[in-house]
Number of protein chains: 2
Amino acid sequence: MKPKITLKDIARELEVSISTVSKALKNSEEISRDTKEKVQAFAKLYNYKPNNIAISLKNKRTKNIGVVIPDIVHHFFTTVIRGIEKYANAKGYNVIVCLSEESFDKEVINMEMLANGSIDGFIMSLSSETQQKGDFNHLKEVTDQGIPVVLFDRITNEIDCDKVIIDDELGAYMATKKFIEQGKKNIALITTDDYLSVSKARTQGYLKALKESELGVDQSKILKLPSMEMDETSIKKFMDSQELDAVLCVNEIFAVYSMRLAQQKGLKIPEDISFIGFTDGLLSKYANPSLTVVSQHGEKMGEVSAKMLIDKVESEEEEETYQTKILEPTLVIRDSIFH
Amino acid sequence: MKPKITLKDIARELEVSISTVSKALKNSEEISRDTKEKVQAFAKLYNYKPNNIAISLKNKRTKNIGVVIPDIVHHFFTTVIRGIEKYANAKGYNVIVCLSEESFDKEVINMEMLANGSIDGFIMSLSSETQQKGDFNHLKEVTDQGIPVVLFDRITNEIDCDKVIIDDELGAYMATKKFIEQGKKNIALITTDDYLSVSKARTQGYLKALKESELGVDQSKILKLPSMEMDETSIKKFMDSQELDAVLCVNEIFAVYSMRLAQQKGLKIPEDISFIGFTDGLLSKYANPSLTVVSQHGEKMGEVSAKMLIDKVESEEEEETYQTKILEPTLVIRDSIFH
DNA sequence: TATTAACACGAAACCGTTTTCGTAATACTT
DNA sequence: AAGTATTACGAAAACGGTTTCGTGTTAATA
């Protein structure tokens, strides 16, 4: 057990003042060559490293960023974290991850825990409960205190801050259009209630593509589930009640599950029925057949979010100008549709 | 913009000393009822919250725990994090996540970043590069400084600290035994080189089960890949060169991919060939057919690790006694084998 | 030789808390 | 009335750094 050594220890040992040690270690011009060498050698020998907490207190900067997300088991959030981590780490920042588990209360508690000095800024995606309630006071409090916030994916327009999203409407539009081009006539949508900002946008994209075509919209071909939670019964009932030849799903799990239902009915994919999902995860890649998806570029989204946040944290000016970055989704073509 | 209020602000405003404010807020007996009420009311009005950093500096306790893992995109690690987060959060701790990306250097850098006061302890799983090199000096340094460490899943015996693993050997043994019981004769293993502690243990379980049976071991039925990275070519070559009726894989991706290869050859699962993987992730559940797996109970593992760490962090005594918890794996039976 | 400049360093404030200890003012004994 | 106990508070140190400013010593200048 060799406990951490402090400036005071070095100062005592070398019989100089703490200030001298501090300056010597920073190679200050003020200190003589001799003293600097002595101090630096001693510091290296005893492996001196400044205490982060003390520096944070002095600088009022922690070099930590708080990430509050609804879930970590979903591939999309996982890749976003990776993107954040990558950028933040390169800039010398650490990432504190908090999970709201889709709960408003947990989101609030997590933010309060972090907002008292632990972090320099937040990157977050709203819990479904928060979007449903429409209560964003916890965000307002934080921004009021001057703590920078970047919202990604699940955002709200009621808070002024930087935002990063993908063009979900465009993604769904592209996917639906693809179905139409390939001659599909009965195109279903499996989504969730509109309170989730992403689902709403995706539904709009789907509707837009259909309205532009001669097919038109058939409300009975839209299944709105209460949440992103898997609900096998509802999906099965929906799939059984319809004559479909294409299905667009708001995530990859819904898509893979409904593919299986179709296969069980003896339908051939993609000849009889085609599928497209959202989120380019492991599931899509290794499903059988592999699933065509709208990729959300989670890692990129994480990097962009981290860059926006850190830029704001490190900028001197107090300009209150916020931007919303919209990333382009891309269609990753796999075997669940015609190539 | 209303910046954070400090004790000093309250003291100035109320014309009392900082100490009085501090004590009043803690409901100290020393302070008169009048003063306490006045201070508390003022604090509530201005939403005073103590600064975490200052408290950390004073207490030499951050209430942060550092989690260093090789990867976050894999389901197993993701569930472990969730388990850690859940337990840690309930205890008032925050979780700082760092990714080593299987790189030794990143692991070292991450630990050094955190070891200078940012965290009270580490929970980690070694990067493959670290296990390969066998260099654990960064861990030794940290434990030498008296920082508690809990190692999970990918561990080493060269460091004295608490450890949490599942009985990988048993898991593989159970799976292989299952194949044998179901009359399978040509049982393959797709794994990685032995430097990965988990792969080594799993291989041993596989070998043990075969040696106990009349089948015996056939080295040509074992494929050792250089890492957990997907290597489609090698797996395809291996699967093509063998007459197999059962395959045990060291993760779910290998398993799902080799299932697909078998299906492409026209084999029926599980009649002609059965599959078992490790890791009970989304992939296993939604694969077609669904994949039987050895579940590692990641979330449980995370909770146990967090509990061990926090117990150590909060214990007064400096007992240098370490334990290794071994969790039992379970077989989750799905359609890739006979029920 | 007196004045000034350069050099090398230390004292002290500061970041925001907690906590020990000292003490003035009041209340209680005898 | 003198001594003691209690109450209610403040001063100051401490956590581990950074940074400003002051100062004693030496060297350069007039």
Side-chain angles (χ1 to χ4, degrees), chain A residues 3-40 42-43 46-64 113-120 145-147, chain B residues 3-40 42-43 46-64 113-120 145-147:
Chain A
K4 286 254 112 176
I5 190 178
T6 70
L7 285 188
K8 196 197 279 188
D9 298 329
I10 303 182
R12 186 177 0 86
E13 219 59 37
L14 261 36
E15 298 185 304
V16 292
S17 76
I18 294 180
S19 357
T20 302
V21 177
S22 176
K23 289 169 192 163
L25 290 174
K26 301 191 113 61
N27 242 315
S28 159
E29 295 297 322
E30 258 181 276
I31 306 298
S32 71
R33 175 170 298 281
D34 270 11
T35 310
K36 279 197 278 196
E37 278 172 3
K38 199 173 57 175
V39 171
Q40 287 171 6
F42 191 93
Y46 286 93
N47 194 29
Y48 169 79
K49 295 278 167 52
N51 179 308
N52 289 333
I53 300 291
I55 293 181
S56 294
L57 183 58
K58 183 92 243 261
N59 296 350
K60 296 168 153 251
R61 293 278 239 59
T62 60
K63 288 246 168 190
N64 287 155
M113 268 187 84
L114 295 180
N116 301 117
S118 299
I119 49 102
D120 296 338
Q145 280 172 33
I147 302 178
Chain B
K4 285 254 113 176
I5 190 176
T6 69
L7 287 188
K8 195 196 278 189
D9 299 329
I10 303 182
R12 185 176 3 85
E13 221 57 37
L14 261 36
E15 299 185 303
V16 292
S17 76
I18 294 179
S19 356
T20 301
V21 177
S22 175
K23 290 169 191 164
L25 290 174
K26 300 191 114 59
N27 242 315
S28 160
E29 295 298 321
E30 259 183 278
I31 305 298
S32 72
R33 174 168 300 280
D34 270 11
T35 310
K36 279 197 278 197
E37 278 172 4
K38 199 174 57 177
V39 172
Q40 286 170 9
F42 190 92
Y46 285 93
N47 194 29
Y48 169 79
K49 295 277 166 54
N51 179 307
N52 289 332
I53 299 293
I55 292 181
S56 294
L57 182 58
K58 185 93 247 268
N59 297 348
K60 295 171 151 249
R61 294 276 240 58
T62 60
K63 288 250 169 184
N64 286 155
M113 267 186 84
L114 295 180
N116 300 117
S118 299
I119 49 102
D120 295 338
Q145 281 173 32
I147 303 178

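Only heavy atoms go into these numbers, but all of them, side chains included; no hydrogens, no water, no symmetry mates. Just so we're on the same page: letters track the sequence lines, and every chain starts at 1.
For the pair B:K4 and A:N116, the minimum side-chain heavy-atom distance is below 4.5 Å.
Taking OG of B:S56 as the reference point, atom CG of A:N52 lies at 11.5 Å (rounded to 0.5 Å). Taking OG1 of B:T35 as the reference point, atom CD of B:Q40 lies at 10.5 Å (rounded to 0.5 Å).
Looking at heavy-atom distances under 4.0 Å, A:T6 makes contact with sugar-phosphate atoms alone, never a base. Residue-level contact check: B:K8 touches the backbone only, with heavy atoms under 4.0 Å from sugar-phosphate atoms and none from bases.
Of the side-chain N and O atoms in A:Y48, none sit less than 4.0 angstrom from OP1 or OP2 of D:dG16. Within the structure, a side-chain polar atom (N or O) of A:S32 is placed less than 4.0 Å from OP1 or OP2 of C:dC9. Between C:dC9 and A:T35, a contact under 4.0 Å exists linking OP1 or OP2 to a side-chain N or O. Residue A:S22 places none of its side-chain N or O atoms closer than 4.0 Å to OP1 or OP2 of D:dG17. For D:dG16, the OP1/OP2 oxygens have a side-chain nitrogen or oxygen of B:K60 closer than 4.0 Å. Within the 4.0 Å cut-off from OP1 or OP2 of D:dT19, not a single side-chain nitrogen or oxygen of A:K26 is found.
Comparing D:dG10, C:dG10, C:dG16 by their nearest atom to the side chain of A:K23 picks out C:dG10.
Judged by distance alone, with hydrogens and angles left aside, the side-chain atoms of A:K36 form a donor-acceptor pair with the main-chain N or O of A:S28 at under 3.5 Å.
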